[in-house]
There are 2 protein chains.
Amino acid sequence: MGATKLNLYTDDINTIAKIAKVFAHPARVAILQYISKQQSCICNDIVDEIGLSQPTISQHLKVINDAGLLKGNFEGNSLCYCLDIERFQTFQSLINAFFNQTKSNCC
Amino acid sequence: MGATKLNLYTDDINTIAKIAKVFAHPARVAILQYISKQQSCICNDIVDEIGLSQPTISQHLKVINDAGLLKGNFEGNSLCYCLDIERFQTFQSLINAFFNQTKSNCC
DNA sequence: TTTATATATCGTAATATTGCAATATTACTA
DNA sequence: TAGTAATATTGCAATATTACGATATATAAA
């Protein structure tokens, strides 16, 4: 009990759910938006920008990163995060495919 | 501790997260897909279709319904659920606006 | 090497989500 | 009105997520 029964669903369905989970917390939406606004891909002023602790931000970044949405490299002694646009685009396409298919089928 | 600090974020950000949450569980993705496939908006063979118990499906339906995505009306003694396409379309538009804005801003 | 700064990880408490059995409710039918 | 089928609600156990303090690790500069 309590755990999601992933085996009940098709891979496609699990993929959509997994993608949606990344955006299902406002901190992660805010982080993505903030990263995109910094032309030069600046790093952890995210902690200052959003009002969460450094470990919490780091945890959310890990979720975003595990989804493959980040490219990070060091600039000086600080980490420079950048959105992986291609991957982001893939997510958008998959989500749109789900929406389009679902609504076109419906009564 | 533990609870999401919604007050830290703009309404737009919280809206995106809330929408994403609906799709962040495979059962709900599957339910939406299944409902859309039934031309005649058929009801709780969802329970048979997906392998979850009736109360669990009902709970997921409630989440989807609370998001405003369902139109339900009784047909005989069974409930006929139907996707609210307009609302669904609104969700799609909002998500796409987020994606487009985020990726166009980025480095 | 020491020091300072930036980021990640660990451990843990608080809260949320998932799933189901039992039960209640609703709507039809006899 | 009693019985039946469909759906919702309640209560609870298992698990996941969120958040943070403490600490570890990594990089740069002194």
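Chain identifiers are assigned alphabetically (A, B, ...) following the order of the sequence lines, protein sequences preceding nucleic acid strands; residue numbering begins at 1 within each chain.
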With hydrophobic residues grouped by side-chain heavy-atom distances under 4.5 Å, do B:Val63 and A:Ile13 end up in a single group? no
Whole Å only: how far is the NE2 atom of A:His60 from the C1' atom of D:dT18? 6 Å
B:Asn100: which residues meet the side chain to side chain contact (heavy atoms under 4.5 Å, CB included) condition with it, sequence neighbours left out? A:Gln92, B:Asn96, B:Lys103
CZ of A:Arg87 to NZ of A:Lys71: how many Å apart, nearest 0.5 Å? 12.5 Å
Indicate every side-chain donor-acceptor pair of residues 17-28 of chain B with a distance under 3.5 Å to a residue at least two apart or in another chain.
residue: B:His25; atom: ND1; partner: B:Ala27; partner atom: N; Å: 3.0
residue: B:His25; atom: NE2; partner: A:Thr4; partner atom: OG1; Å: 3.2
residue: B:Arg28; atom: NE; partner: B:Val22; partner atom: O; Å: 2.9
residue: B:Arg28; atom: NH1; partner: B:His60; partner atom: ND1; Å: 3.1
residue: B:Arg28; atom: NH2; partner: B:Lys21; partner atom: O; Å: 3.0

Any side-chain donor near an acceptor of the partner, B:Thr90 and B:Ser93, under 3.5 Å: no
Is it the case that D:dA8 (base atoms only) and B:Gln59 (side chain only) share a donor and an acceptor within less than 3.5 Å, ignoring hydrogens and angles? no
Between A:Gln54 and B:Gly51, name the one whose nearest nucleotide on DNA chain C is closer to the 5' end. A:Gln54
Which residues, if any, of residues 12-25 of chain A bring a heavy atom under 4.0 Å of DNA chain D? A:Lys21, A:His25
Toward the 5' end of DNA chain C, which comes first, A:Ser58 or B:Leu52, by nearest nucleotide? A:Ser58
Which comes earlier along DNA chain D counting from the 5' end, the contact point of B:Thr56 or that of B:Thr4, where each point is its nearest nucleotide? B:Thr56
Under 4.5 Å between side-chain heavy atoms, counting indirect links through other Ile/Leu/Val/Met/Phe/Trp/Tyr residues: same cluster for A:Leu8 and B:Ile64 or not? yes
Side-chain contact check for B:Lys62: nearest option of D:dT15, C:dC20, D:dT9 is D:dT9
